[in-house]
Amino acid sequence: MRIGALEAGGTKMVCAVGNESGEIFKREVFPTKTPADTMPDMLDFFEREKVEALGIGCFGPIDPRRDSPAYGYITSTPKLAWQNYNIVKAFEERLRCPVGFDTDVNAAALGEATFGITRGLKNSIYITVGTGIGVGVYSEGRLLHGMMHPEAGHILIRRHAEDTFAGCCPFHGDCLEGLAGGPSLEKRWGKAGALLAGEKKVWEIEAYYIAQACVNYTMILSPERIVLGGGVMKQPALLPLVREKFTELMAGYVKTPRLEDMESYITGASLADNQAVMGCIQLALSCLPSER
Ligand code: ADP
Ligand code: ZN
């Protein structure tokens, strides 16, 4: 089969074609401008490639609930040109094939759960620590939506005793994303994350925040594994520090075999930055008539 995948991001649109095994044959990237500028290129690409279904993992907030009147829309995004834009309808009308739709991080969680490091587990989460912080939740074998979809990058956490940075979330100031997203590193320390390697305090504070988030998600969602991806996690010192802090903050309260194997419980992403695209393939497959 020829399955289309669209990882729709705030800066770029990754369009790909693959098959049901998650193999990707073709990929093209378009900059995210306005719908009028960007949609024609993407529509032409998928039409030319004759895809039989399409999965979209989209920046948000979006409405991913099929029974909702706003299904398929990008809703209150700060990217104004895309606000209240029905991206699903645009593809359905032109391609006349089934279209699956979810958030970009839910797609990444699904990619790992179908083809990657959380394959075979019914409960896992995928956290991206990049420009923003987002969490995809795979619970009891399906992606969690609730009234919309989780926005677990904006949780409120305890501040590190030595951190005086106000936080940079435009809505909450010092929520998790405001204290630990990539831009917060740059604003707090005056240099981009990649240039802060070797600065012990930087990564101690960063790990403290990410570990708190992992504790909260563990307590609330009870995942069997946590996957940490995104640009900031490319900092090699960070993952071991997160595991260390996590164990300390959990204080032995939850005792399961999974938590005894911390390297396997909190792990890096496994699909070489293809996790969201591969998740889009699975989103497409799961809306084919035979799968319903
Ligand atoms: P996005 O979230 O925009 O899709 P990424 O997941 O690549 O993109 O995250 C980008 C963020 O990651 C930027 O804030 C960047 O400074 C940060 N980043 C990239 N590489 C590193 C690194 N090696 N160490 C720390 N931060 C990094
Ligand atoms: Zn926030």
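Remember, it's 1-based here, ligands and their atoms both numbered in the order they're listed. All values below come from the heavy atoms of this structure, side chains included, with hydrogens, waters and symmetry mates left out. Nothing fancy with the numbering, it's 1 onward along the sequence.
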Tell me which protein heavy atom sits closest to atom 21 (C) of ligand 1, plus the residue, atom name and distance to 0.1 Å. Gly231 O, 3.2 Å

Verify whether one side chain among Ser68 and Asp63 offers a donor that lies under 3.5 Å from an acceptor in the other. yes

Assess the side chains of Glu177 and His172: does a donor N or O sit below 3.5 Å from an acceptor N or O? no

Any protein heavy atom under 4.0 Å from atom 25 (C) of ligand 1? yes

In His172, the N, O or S atom nearest to the Zn ion (ligand 2) is which? ND1

Give me the residue, atom name and distance of the protein heavy atom closest to atom 2 (O) of ligand 1. Thr131 N, 2.8 Å

From CG (Leu288) to CD1 (Ile3), nearest 0.5 Å: 5.5 Å

State the atoms of ligand 1, each with its element, that fall below the 4.0 Å cut-off from a heavy-atom position in Gly230. 6 (O)

If you look at His154, which of its N/O/S atoms is nearest to the Zn ion (ligand 2)? ND1

re atom 9 (O) of ligand 1, the protein heavy-atom contact at minimum distance is Gly130 CA, 3.2 Å

Are Asp163 and Tyr209 close enough that a side-chain donor and a side-chain acceptor fall under 3.5 Å? yes

Rounded to the nearest 0.5 angstrom, the NZ-CZ distance for Lys26 and Arg48 is 6.5 Å

Does a donor on one side chain sit under 3.5 Å from an acceptor on the other, for Arg225 and Ser264? yes

Interatomic spacing from CD in Glu52 to SG in Cys97 - rounded to 0.5 Å: 9.0 Å

What is the closest protein heavy atom to atom 16 (O) of ligand 1, and at what distance does it sit? Gly193 N, 4.1 Å

So, applying side-chain contact (heavy atoms from CB on, under 4.5 Å) with Leu185, which one of Val202, Leu195, Ile205 is it? Val202

Can you tell which part of Trp203 has a heavy atom less than 4.0 Å from ligand 1: side chain, backbone, both or neither? side chain

Specify the protein heavy atom at minimum distance from atom 14 (O) of ligand 1: its residue, its atom name, and the distance to 0.1 Å. Gly182 CA, 3.2 Å

Do any non-hydrogen protein atoms sit less than 4.0 Å from atom 4 (O) of ligand 1? no

